[in-house]
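Take a look at the structure below.
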Amino acid sequence: MLEVRNLSKHFGGIRAVDDCTFTVERGSITALIGPNGAGKTTAFNCISKTLTPSGGEVWLEGQRIDALRPHQVTRCGLSRTFQITRNLEDLTVLENLVVQSKTSGVKSLFGPAISQAEYDKAMEILEFLGITRLAYEETSNLSYGQKKLMDFGALLMSDPKIILLDEPAGGINPRLLVELVDRIRALNDRGLTVLIVEHNMDLVMSLSHKVVVMAHGQVIAEGTPEAVQADPLVLEAYLGGG
Ligand code: ATP
C-alpha cells in the first residue's frame, strides 16, 4: 500500500534518512523502530510531507505522493499524529476534532462552525474511543494521555486508509495505553493500515505484523517481530547505542 523508495533527507552534512527503502502492506500494522537519532521521525515527516525529502520517492496505492503538499497527502488517505500533541487548547475536544480535520486549520473569530455531519462524525469517533464524556471539555483541562487520544480521534476524521502514529505510547499511563492499543487493533481489524514509530518494544512486538529497523538513517532489517528480534545487526545497533 505504501512504498518508500530510496528516501533521503539531509540536514547540511547530516544524513538523517539515507537511501531508505521499505514497504507497508495493505491491512498491516508495521512498526518503524531504531535507536535514538536513527531517522524514524524524519522518515515519517518526509512520508507525510511535513518535510520535503532530499531524494527518493513515496508511493501510496500506486500514486506518487512525495511531490504533493501535506493536505493533498491527507486527501490521498494518509494521516499522521505528532510526538508532541498539536491541539488548540481553548477549544473543546469536539471542536478540536472538527478544526483539525479542516484542511485550512484556521478557526473563525467566533469559534469553529460545525456542520451536523461533522458533529455526527466527531461524536461517533469519540464514542469509538470511549471519550464521549470529554466532548465538551476544554482541551486545556485534559491529561496528556487524553490529548493523545483526542489527536488520534482527529486523525480519523479524514477517513484515512493509512495512519502514521508517532510514539503513540509515549507519556501515557498504562490504562490508557491498553485502551489505545485496543482501538488501534480494532481499526486494523476494519481494514485500516497502520505504520507506527514506537520505543516501547513490548508494544511493538505484540502489535506489529512487520517491523522495519533503522539505524544511522538506513534500514538495517525488515521482517516479522520474531525475525528482527533475533537479527544480530539489530541487536548490535541497540546495544552499540545506534
Ligand atoms: P528519536 O527516537 O530520538 O525520536 P529518530 O529515530 O526519530 O530519533 P530523528 O529525530 O529523525 O531520529 O533524527 C535523525 C537525525 O537527524 C539525528 O541525528 C537528528 O539530530 C537529526 N535531525 C533531525 N531533525 C533535524 C533538523 N531539523 N536539523 C538538523 N538535524 C536534524
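One is the number of the first residue; the rest follow in order along the sequence. Just so you know, ligand 1 is whichever comes first in the structure, and atom 1 is the first atom listed for that ligand. Small disclaimer: the values here were computed from a predicted structure and weren't measured.
- In summary, the atoms of ligand 1 found under 4.0 Å from a heavy atom of Ala38, numbered by their order in the structure, are 5 (P), 6 (O), 12 (O).
- For the pair Asn6/Glu57, no side-chain contact is recorded, criterion being any heavy-atom separation below 4.5 Å from C-beta on.
- Looking at Leu134 and Gln146, their side chains come closer than 4.5 Å, going by heavy atoms from C-beta outward.
- Here the shortest heavy-atom distance to atom 11 (O) of ligand 1, taken over Asn45, Val197, Thr42, belongs to Thr42.
- Ion pairing between Glu179 and Arg175 holds under the 4.0 Å rule for side-chain N and carboxylate O.
- Under the 4.0 angstrom criterion for non-hydrogen atoms, His199 is in contact with ligand 1.
- Contact annotation: Gly39 has at least one heavy atom less than 4.0 Å from an atom of ligand 1.
- In terms of modelled atom types and a separation under 3.5 Å, the side chain of Glu198 and the main chain of Ala169 share a donor-acceptor contact.
- No more than 12 heavy-atom neighbours from other residues, nucleotides or ligands sit within 6.0 angstrom of CD on Glu127.
- Considering backbone and side-chain atoms alike, Gly37 places an N or O below 3.5 Å from some N or O of ligand 1.
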